[in-house]
Amino acid sequence: MGLLSHMEALHAAEKQQNNDSVSCSVFSSTHDILDFHDFAEKTGMKKCGMLIPFGKRYFMRYSHGLDAASICKAISTMGFWEGTFPGNQDWTFFANAALQPYFQLFSEEVVSRLDQIRIKSFVVLADIPVRVILFTLDKNFTEVPENLIQNLSTFIAKDISNISGYVFPPKDGITRDLTRYFEVNIDVAIEEIINSLDYEAQSILEHGIISEIFNIIKSIVPKDDCCKYDDGKITIALNSANSLDSDLLQFHLQKILKTVLGNNSNKITVTLKNKGYIA
């Protein structure tokens, strides 16, 4: 039984025993685009990313459906993009031999399945105007409405100026006392992946990897429960499913997060706390 099915089964069984109904949104915001994952889901993209310039290099600051190895490998120079994709603001399709220059941006796992890529660039008016690179690896591609590109641009302009504050809030105004919550430690797993990078790259890309991890975790948490990333910690809070223990949750998280972390997912640990809250 998968983790989601297991948690929902426990939740349903225990809800019959007590009529406590606690409503807590896993993820919500008043903004048109909450984060890059929200953008990807609105456009139907399964594997996509965005490269942002910092200094003289581009970094995959945002991604959806990609592994941590690709996030770290996609560090590229201004010259690379000037030579392969100079200022084109329309979606451009690459396949066959034309695809090969872009292999260097992805892990071996992704490259083994890569047979096409679509790329688009546009300018984001942040503190200073910056040219960003948006791409998708999806075979079933639907043209992205311009209003979503504009909303994404607005989100990036705000986020890019505060790289250290990239967090995922729970629903505005919601505070819940919780009988049980789990702390998920992903620090060791991430450190193993980024420790070969320079300090600038680590500080930029760490949050992108955390974002991929959190997006997967939130997708398996039942809608009546909560999860949150803040202050370097991921918390999963349950008002139900009291039979779920930390060992079982850790086993499932290590399994599903292998798509992002590879074998380093085995370094994820989960600790059960008896009492806490998400504010």
In terms of hydrophobic clusters joined by side-chain contacts under 4.5 Å, are Leu248 and Ile268 together? yes
Suppose the criterion is ring-ring contact (aromatic ring centres under 6.0 Å, His included): which pairs have a residue in residues 109-137, not counting sequence neighbours? Phe106-Phe135
Any side-chain heavy atom of Leu152 within less than 4.5 Å of one from Met50? yes
Show the numbers, then the answer: is there a side-chain contact (heavy atoms from CB on, under 4.5 Å) between Ile217 and Leu253? CA-CA 8 Å; Ile217 290 177; Leu253 290 181; 4.0 Å; yes
I want to check something: taking the side chain as every heavy atom from C-beta on, are Leu114 and Leu137 in contact at a cut-off of under 4.5 Å? yes
Ile119 and Trp81: CA distance, side-chain angles, deciding distance, side-chain contact (heavy atoms from CB on, under 4.5 Å) verdict: CA-CA 11 Å; Ile119 306 176; Trp81 289 106; 4.2 Å; yes
Is it true that atom CD of Glu108 has more than 12 heavy atoms of other residues, nucleotides or ligands lying nearer than 6.0 Å? no
Pairwise side-chain contact, Asp198 with Arg57, heavy-atom cut-off 4.5 Å (strictly under): yes
Is there side-chain contact between Ile133 and Arg131, with at least one heavy-atom pair below 4.5 Å? yes
Residues passing the ring pair (Phe, Tyr, Trp, His ring centres under 6.0 Å) test with Phe141, sequence neighbours excluded, are Trp91
Shortest non-hydrogen contact from Ile52 to Arg61? CG1-CB, 3.6 Å
Donor-acceptor check, side chain of Ser265 to backbone of Leu261, threshold 3.5 angstrom: yes or no? no
Does the side chain of Leu134 come within less than 4.5 Å of Phe39's, by heavy atoms? yes
Supply the atom-to-atom distance Ile156 CD1 to Ile149 CD1, rounded to the nearest 0.5 angstrom. 8.5 Å
Rounded at 0.5 Å granularity, tell me how far CD1 in Ile213 sits from CD1 in Ile190. 4.0 Å
If you measure from CG on Asn263 to CD on Glu192, what distance do you get to the nearest 0.5 Å? 11.5 Å
Within the 3.5 Å criterion, strictly below it, is a donor on Ser70 or Asp67 matched to an acceptor on the partner's side chain? yes
Whether over 12 other heavy atoms sit under 6.0 Å from Asn195 CG: yes
Listed partners of Phe94 passing ring pair (Phe, Tyr, Trp, His ring centres under 6.0 Å), at least two apart: Tyr102
Tell me, which pairs form a salt bridge (Lys or Arg N to Asp or Glu O under 4.0 Å) where one or both residues lie in residues 249-271, sequence neighbours left out? none
Side chain Thr92, main chain Asp90, donor-acceptor under 3.5 Å: yes
Report the C-alpha separation of Asp159 and His207 in whole Å, then their side-chain angles, then the decisive distance to 0.1 Å, and conclude whether the side-chain contact (heavy atoms from CB on, under 4.5 Å) test is met. CA-CA 12 Å; Asp159 185 60; His207 295 283; over 6 Å; no
Does the side chain of Gln250 come within less than 4.5 Å of Thr269's, by heavy atoms? yes
Under the criterion side chain to side chain contact (heavy atoms under 4.5 Å, CB included), which of Leu105, Ile194, Val260, Ile209 is the partner of Ile71? Ile209
Donor-acceptor contact present, side-chain His64 to main-chain Phe36, <3.5 Å: no
With rounding to the nearest 0.5 Å, note down the distance linking CG in Leu272 to CG in Leu249. 9.5 Å
Can you tell me how far the OG1 atom of Thr43 sits from the CG atom of Asp38, to the nearest 0.5 Å? 9.5 Å
Once salt bridge (Lys or Arg N to Asp or Glu O under 4.0 Å) is applied, do any residues pair with Asp115, and if so which ones, sequence neighbours excluded? Lys139
Would you say Lys47's side chain and Gly65's backbone share a donor-acceptor pair under 3.5 angstrom? yes
Of the non-hydrogen atoms in Gln202 and Leu197, which two are nearest, and what is the gap between them? NE2-O, 2.8 Å
dist Ser211:OG -> Ile216:CD1 (nearest 0.5 Å) comes out at 10.0 Å
Looking only at heavy atoms, what is the nearest atom pair of Val221 and Ile236, with distance? CG2-CG2, 4.1 Å
Please report the shortest heavy-atom distance between Phe103 and Val111, naming the atom on each side. O-CG2, 3.5 Å
Sub-3.5 Å donor-acceptor pair from the side chain of Gln89 to the main-chain atoms of Lys120, do we have one? no
So which atom in Met45 and which in Thr136 form the shortest heavy-atom distance, rounded to 0.1 Å? SD-CB, 3.9 Å
Closest heavy-atom contact between Pro53 and Met78? CB-CE, 3.6 Å
Hey, is the main chain of Lys46 close enough, under 3.5 Å, to the side chain of Asp138 for a donor-acceptor pair? yes
Step by step, work out the side-chain contact (heavy atoms from CB on, under 4.5 Å) result for Glu191 and Glu206. CA-CA 9 Å; Glu191 286 173 6; Glu206 179 181 10; over 6 Å; no
Each residue besides Val123 in its hydrophobic cluster should be listed here, by chain and number; the cluster joins Ile, Leu, Val, Met, Phe, Trp and Tyr at side-chain heavy-atom distances under 4.5 Å. Leu125
